[in-house]
Amino acid sequence: MVLQMDSKHSAKKPTIADVAALAGVSVAAVSQVISGKGRISSWTAQIVKDAINELGYVRNHNASTLRSGKTNLIGIVLHNISDNFCAELLDGVSGELEANGKIPLFIQYGKDGASLENRIDLFLHLNVDGIILITPYDVSDDLYIRLSNTPTAYISRNCHYNKKHHIGPNYFNAVETATEHLIKHGHRNIAFIGGEKDSYSRAERIGGFFSALISYDVIPHNEWIIDCPNNQRIAAEKTSNLLTHNPQITAILAYDEMTANGAIHGIQQAGKSVGKDNYIARQIALLCLENIPDTAITNLTCIDFSLKEIGMRAAQDLIQQLESHPGQPNNTVPKLILRDSA
DNA sequence: TAAGCGACGCCATCTTGGCT
DNA sequence: AGCCAAGATGGCGTCGCTTA
């Protein structure tokens with residue numbers, strides 16, 4: 001019987017009370033040593049630390065959660081971790097959370113909304129302190145209601161900037177900046193290639209494009225705005241066709257990296273080359289509306305949406321909510337990365 | 001005034017005891 | 001036997017008090 005009790009006792013994890021008993025101090029004193037708060041002499045602190053080492057004591061996270069009401073867990077729900085958009089955002093989000101003592105947990109969901117709601121419910125059952133939702137789409141009103149009692153920051157590709165705690169790439173400003181750059185370098189005949197017709201973010205990009213053209217008194221040509229699926233071959237065909245029938249075009253804005261790569265081939269098929277020199281009428285300036293890393297083979301001028309920075313700002317917004325100082329995340333300013341193509 | 005301690009509260013889950 | 005309310009349990013953080 002005694003042996004059984006001893007065996008059972010030895011298997012039990014040491015608690016703060018065990019540490020206190022071994023150190024000859026109160027539980028409160030041990031707690032203060034562990035947290036670094038309160039007034040404890042260095043002599044007592046050292047005795048407590050020795051007792052902790054001797055027993056192999058580790059603070060019980062569940063008990064700490066019970067007392068403080070905080071888990072320090074932050075649930076990150078994202079669409080697809082292998083997607084560059086999500087990966088870059090996640091880099092910023094997790095870095096900022098860890099720097100503030102939070103534990104990021106992430107989970108991905110499929111395309112169906114039910115799966116997204118299941119993932120969110122899972123985090124709510126885990127009693128996370130807050131949630132960061134990274135989604136390609138705008139969030140439904142039902143989901144907003146479901147998350148209304150949980151501090152949440154939203155990042156999405158197509159976001160409505162008037163919604164609270166919502167941040168995302170500012171496509172309008174990005175394309176406005178890119179178009180201005182081309183106009184300032186003498187281009188008046190600029191085409192826009194790429195994106196699906198029903199895409200919200202494409203509409204936003206075209207809005208920025210038109211805004212820049214109009215503010216510089218450049219006449220927009222609707223027939224030079226070409227939609228295109230995410231397919232390099234089709235982008236090449238459409239670019240070649242456009243340039244063959246409209247030789248006055250001197251610059252192209254490409255929707256994304258795939259479109260830009262297709263456009264390079266299309267420009268060559270039309271008997272021209274990619275470059276900044278629009279005076280000899282044989283070079284087409286090409287500007288990609290998506291960040292292309294320096295390591296890429298092509299040397300394209302492009303727009304950097306600062307996705308890592310967006311992730312950091314969303315995490316900062318969530319931390320402010322947790323500290324009961326809710327603000328509103330400021331959107332990042334897209335940067336133009338100048339290279340050889342435009 | 002520094003150092004240390006007791007008591008309380010957190011809250012989901014389990015146990016106990018009383019009642020029908 | 002079944003149900004329900006009340007109490008106990010787990011480990012920890014912190015307020016406010018006591019002691020030297």
Side-chain angles (χ1 to χ4, degrees), chain A residues 1-77 93-109 114-133 142-153 165 315-327:
Chain A
M1 185 65 174
V2 173
L3 279 175
Q4 277 184 333
M5 286 181 71
D6 279 347
S7 165
K8 196 176 178 181
H9 185 261
S10 65
K12 185 176 172 287
K13 287 181 181 175
T15 67
I16 196 169
D18 296 328
V19 175
L22 182 61
V25 297
S26 70
V27 167
V30 176
S31 175
Q32 286 172 9
V33 171
I34 294 168
S35 65
K37 297 172 184 171
R39 288 177 298 188
I40 296 289
S41 69
S42 56
W43 171 253
T44 304
Q46 190 55 52
I47 291 172
V48 169
K49 285 172 186 171
D50 289 346
I52 287 171
N53 289 335
E54 189 173 331
L55 292 172
Y57 167 77
V58 178
R59 179 191 263 176
N60 186 314
H61 184 255
N62 287 340
S64 175
T65 297
L66 178 65
R67 175 63 185 88
S68 64
K70 293 177 183 173
T71 60
N72 279 330
L73 300 175
I74 303 296
I76 304 166
V77 188
V93 167
S94 57
E96 189 66 20
L97 290 177
E98 285 171 29
N100 284 277
K102 307 296 179 190
I103 306 166
L105 303 175
F106 62 86
I107 192 167
Q108 56 180 354
Y109 69 96
S115 178
L116 169 61
E117 294 190 359
N118 288 342
R119 300 299 192 270
I120 286 172
D121 281 346
L122 177 66
F123 277 142
L124 294 178
H125 288 144
L126 284 172
N127 198 26
V128 295
D129 286 348
I131 287 176
I132 293 179
L133 180 55
D142 284 349
L143 202 53
Y144 270 114
I145 293 166
R146 187 184 288 246
L147 290 169
S148 59
N149 293 325
T150 305
T152 306
H165 309 301
Q316 286 164 0
D317 175 61
L318 183 67
I319 289 163
Q320 283 184 345
Q321 290 183 57
L322 294 172
E323 292 171 350
S324 303
H325 302 302

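Below, chain A is the first sequence line, B the second, and so on; all start at residue 1. Just so we're clear, the structure is a prediction, and the values are computed from it rather than from any experiment.
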(message) At less than 4.0 Å, is any side-chain N or O atom of A/Y57 found next to OP1 or OP2 of C/dC12? Yes or no.
(response) yes
(message) Taking 4.0 Å as the cut-off, does a side-chain nitrogen or oxygen of A/S31 come that near to OP1 or OP2 on C/dC12?
(response) no
(request) Would you name the heavy atoms of A/D317 and A/H165 that are closest together and state the gap between them? (result) OD2-ND1, 3.0 Å
(request) Using whole Å, report how far CD1 of A/I47 lies from P of B/dC5. (result) 10 Å
(request) Give the rounded distance in Å between these two atoms: CD1 of A/I34 and C1' of C/dT14. (result) 14 Å
(message) Could you work out, with side-chain contact (heavy atoms from CB on, under 4.5 Å) as the rule, every residue matching A/E96, not counting sequence neighbours?
(response) A/N100, A/M312, A/A315, A/Q316
(message) If we ignore hydrogens and angles and just use 3.5 Å, is the side chain of A/D129 paired with the main-chain N or O of A/N72 as donor and acceptor?
(response) yes
(request) Could you tell me whether A/V25 contacts a base, only the sugar-phosphate backbone, or nothing, with contacts defined as non-hydrogen atoms closer than 4.0 Å? (result) sugar-phosphate
(request) Side chain of A/I16 only, please: which of C/dT14, C/dG11, B/dG4 is the nearest? (result) C/dG11
